[in-house]
Amino acid sequence: MIRDRSLTLLRLLPALLLLLLAPPADAAPADDFHLAAEALRAGDAPRALSLYQGLAAAGHETASLDWNRAQAARRAGQPGEAMWALLRARELAPFDRGVAREIDRLRNELGLEPAELAPSPWGSARRLARGIRLDIVAAALLLLSLGFHAVARRNRAARWPLRALWGCLLLGTLAASVVFAGHAGRPLAVVARADASLYESASPDAAPLGSLREGEVVPVLAESGDWLRVEDSSGGRGWARRGDTWLLVGHAGR
Amino acid sequence: MSGSRPSSRRFVGGLALAFAALVMLAGSRTALAADPQIRAEVNARKLGVEDELILTVTLSGSLTGREEIVPPDVRNLDLEGPPSISTSIQIVNGAMSQSKIYTFRYRPRGVGYGDVGPIRAKVESGEKVVAGTAIEVVAGSILPRRRADPFGADPWGGQDPFEGFFERRRAGGGQRPPDPKIFITAEASRARVHVGEPLLVTWSLWTQASVTGLEFAEAPSWAGFWVEDLSGPKPGEVPKGERATGPDGEPYQKFDIFRKLVFPAKAGKLTIPATTIRLGIPRRSGSFFDPTPVVETVEKKTKPLEVVVDGLPDAPGFSGAVGRFRFSASLDRPTLPLGEAATLRVELSGTGNLKWLEKGPELAISGARVYPPTSKADLSTTESGISGTRRWEYVVVPETVGALDVPAIPFSWFDPSAGKLVTAESPALRIDVTPGGAGAAQALAPTSQPSARAAGTPMPLRDDLDADRPLLPPLSPRGLGGLLGVVVLAHTVLRWTGRRGGGGSARGIGSVRASLADIERARHDGTSKETAAALLEKALVDRFGSVDDEGAGSEGERAAAELLREIQYIRYAPQLGDYSAKLRELADRAEEVIRRWG
């Protein structure tokens with residue numbers, strides 16, 4: 001039996017070696033990430049922004065990418081876009097203190113109140129759920145409850161498997177409900193451009209109703225083509241161009 | 001002599017009128033030729049907490065229609081909503097002046113001091129700023145009700161009061177002069193265009209008297225059109241009316257008051273609905289001793305305009321561009337080392353619907369990664385259309401060393417003057433990629449405007465793209481909800497199958513506990529022999545059924561059958577002694593059988 005196990009291990013060894021020595025699945029995004037950083041350090045912020053945008057569109061968005069994107073946007077004189085990138089980074093890494101400090105610093109520069117970055121109470125629940133991976137915790141508890149149910153069937157007289165089953169089921173449901181609550185509420189968007197206006201209708205020739213504050217987070221009430229119906233901090237409702245207000249959560253970001 | 005008196009009065013009247021006209025013309029010319037002026041005023045600098053603060057910002061002068069006021073920062077005030085905006089045009093004695101008035105309404109938050117910050121206006125030439133003001137809020141309400149200003153902007157209504165007096169005297173006193181005729185027309189430059197081809201719509205005022213406060217009473221609905229505003233005279237240009245003969249054969253002064261460039265967005269017979277324009281006609285009250293003028297507000301409506309719009313050919317690769325263009329492409333770096341990026345600029349310049357061409361041409365380069373383009377435009381709007389350049393910039397990152405061919409990029413547009421689709425191709429380009437390390441240490445030459453921060457300022461960048469990527473991807477709410485549903489379903493199935501199978505009992509897991517509870521009750525002191533035996537028998541029958549030695553198949557059933565026989569013997573045996581010890585023994589054995597095989 002020991003010899004059989006050794007032979008099995010020997011047969012598996014090449015496959016294990018291949019797994020260990022194989023290059024990372026996709027090295028190109030990391031290269032482009034470094035390329036963008038080099039461009040930014042050399043002063044070419046628009047090129048860096050274009051590279052970061054391409055990486056994000058290709059599905060490689062991380063908090064680090066959004067952090068660097070925010071720095072590039074600030075260099076390019078676009079604080080609204082920088083705020084959007086920082087808020088995206090906070091969504092991906094809720095407990096990143098550097099991101100939180102930078103958001104606060106930029107908020108002060110833009111003259112925004114904290115409430116203007118958090119129009120919905122569900123944002124905190126969503127970030128908390130993401131930060132402590134409540135989705136995985138909930139899934140694990142729910143699957144564990146199935147395991148305890150199987151144990152209770154085999155050991156019908158014992159009480160502890162049933163108690164464990166109900167405990168896991170209740171806790172798992174509670175954790176899942178926090179995850180659901182975090183995604184409740186309206187989608188949010190960030191005013192990424194300094195000259196963004198609010199219009200009375202979703203039309204290029206509509207009369208402007210007022211201006212939106214750069215960096216402000218606004219709830220999205222409706223969407224129509226290239227327009228978003230939003231509500232600003234003073235309660236005013238109107239339509240804004242997608243190019244001026246970028247979706248933050250609720251749909252795929254820009 | 002009596003004959004000379006009316007002529008001298010007429011001369012004096014004419015002189016006064018000419019002087020007044022000269023003053024007004026000079027003022028309006030100065031206003032129109034200058035850059036737009038901004039003026040801001042509040043209704044009060046000290047008001048009660050129950051009063052309303054009204055901030056009026058007026059832009060006057062040469063307006064293009066694209067001006068914008070940024071709401072100022074305020075303290076101790078709450079904005080009650082978006083500003084109301086009104087545009088007015090005044091035509092007085094042949095001169096036209098424009099102004100755009102923004103009215104902001106605020107409510108004080110509390111007693112104390114507050115302020116209205118600087119007000120910024122974005123105009124064609126840049127930005128205009130006017131200083132704000134401090135306010136004081138006291139308790140209650142202290143502002144009086146506003147009274148209407150009886151004089152308005154022109155107390156004489158553009159007419160010489162003396163002349164009017166003399167005219168009335170000649171007419172026999174007390175008779176009202178005939179009403180001046182005024183009407184408004186809307187004209188389109190063409191009756192037939194293609195989709196995306198511009199059409200100039202002009203609103204003209206035909207008048208026989210001075211008017212004031214021209215504005216749209218109902219803004220036209222532009223369903224099916226994109227619209228560019230051409231309102232306003234050019235800087236330095238003083239628009240004047242021209243004498244024209246109206247359709248009734250009478251003389252009028254004709255002014256072009258509004259102009260818009262419209263682009264049909266769909267084919268068919270489209271209608272530009274009728275437009276209602278509100279204007280004021282100043283009239284004197286009729287008494288020499290009461291010079292207060294009365295402005296009569298009237299509304300004039302134009303007729304709807306019909307336009308026939310021809311569709312565009314449906315050809316593969318057609319971009320939707322309409323106009324006359326030049327198409328080109330260029331590279332900023334024809335030679336670069338591997339690991340660096342080049343920028344490919346694709347430009348479309350000319351006159352047409354450039355404003356709405358956001359999507360760039362598709363581009364794929366073998367051997368390189370091409371990122372989605374950024375779109376920029378440098379456009380200006382004139383009566384003939386939108387002219388300028390639309391530019392798309394692609395970042396190209398070569399993946400191999402050697403010559404990289406950038407293929408010729410085709411681009412199609414519809415030329416209305418030729419009536420056909422035109423296709424042009426940019427020249428094919430080449431990038432020579434030299435060997436170099438990925439993320440090379442050599443600095444990249446910046447290809448656009450320099451950064452806003454000082455060079456040398458350390459940049460807090462992160463070096464690892466995946467530093468904070470989680471081990472497990474996030475579970476979407478939908479996925480988690482699905483998992484919850486599956487788990488609940490699985491529990492239900494397990495419970496249901498547990499009831500039907502296992503142990504020969506129809507009562508499932510819960511009945512094991514019930515049986516054990518029965519056994520526990522049988523052990524209680526004070527329970528009679530018959531009751532205790534009945535409880536033990538019930539517990540075993542509930543788990544195994546009424547088994548006997550002949551029907552018992554499994555080991556559990558045989559053990560249960562043997563136990564049942566002994567229990568029934570004790571139960572129905574006469575009370576000849578103390579059976580407590582025996583009953584406890586039977587209870588222990590029954591519990592063991594149930595726990596083991598139940």
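Protein chains get the first letters and strands the later ones, always in sequence-line order, with residue 1 at the start of each.
For B/Val487, the parts sitting under 4.5 Å from any heavy atom of chain A are the backbone and the side chain alike. Neither the backbone nor the side chain of A/Ser203 has a heavy atom closer than 4.5 Å to any heavy atom of chain B. Contact annotation for A/Leu198: neither backbone nor side-chain heavy atoms come within less than 4.5 Å of a heavy atom of chain B. For B/Arg478, no part lies near chain A; criterion is any non-hydrogen pair under 4.5 Å. With a 4.5 angstrom heavy-atom cutoff, B/Asp73 touches chain A only via side-chain atoms. Of the two parts of A/Leu165, only the side chain, counted from C-beta on, holds a non-hydrogen atom closer than 4.5 Å to a non-hydrogen atom of chain B. Interface remark: A/Ala194 contributes backbone atoms only to the contact with chain B (heavy atom separation under 4.5 Å).
For the options B/Leu472, B/Val486, B/Val70, heavy-atom pairs under 4.5 Å to chain A are most numerous at B/Leu472. Of the listed residues B/Glu393, B/Glu399, B/Glu68, the one with more heavy-atom pairs under 4.5 angstrom with chain A than any other is B/Glu68. Comparing A/Leu143, A/Thr173, A/Leu142 by how many heavy-atom pairs each has under 4.5 Å with chain B, the most go to A/Leu142. Heavy-atom pairs under 4.5 Å with chain B peak, among A/Ser201, A/Gly182, A/Ser145, A/Gly172, at A/Ser145. Counting heavy-atom pairs closer than 4.5 Å to chain A, the top residue among B/Pro71, B/Ser476, B/Pro474 is B/Pro474.
Other residues, nucleotides and ligands place more than 12 heavy atoms under 6.0 Å from the CZ atom of A/Arg127. Applying the 6.0 Å contact sphere to CD of B/Glu592 captures no more than 12 heavy atoms from other residues, nucleotides or ligands.
Between A/Tyr52 and A/Ala37, the shortest heavy-atom distance links the atoms OH-N, 3.7 Å. Nearest heavy-atom pair across A/Thr62 and A/Leu92 is C-CD1, 3.6 Å. The two residues B/Pro398 and B/Glu340 come nearest to each other via the heavy atoms CD-O, 3.2 Å. Taking every heavy atom of both residues into account, A/Trp122 and A/Ala181 meet most closely at CE3-O, 3.3 Å.
Remark: aromatic rings of A/Trp166 and A/Phe148 are distant, center separation not under 6.0 Å.
Donor-acceptor pairing under 3.5 Å is recorded for the side chains of A/Tyr199 and A/Arg241.
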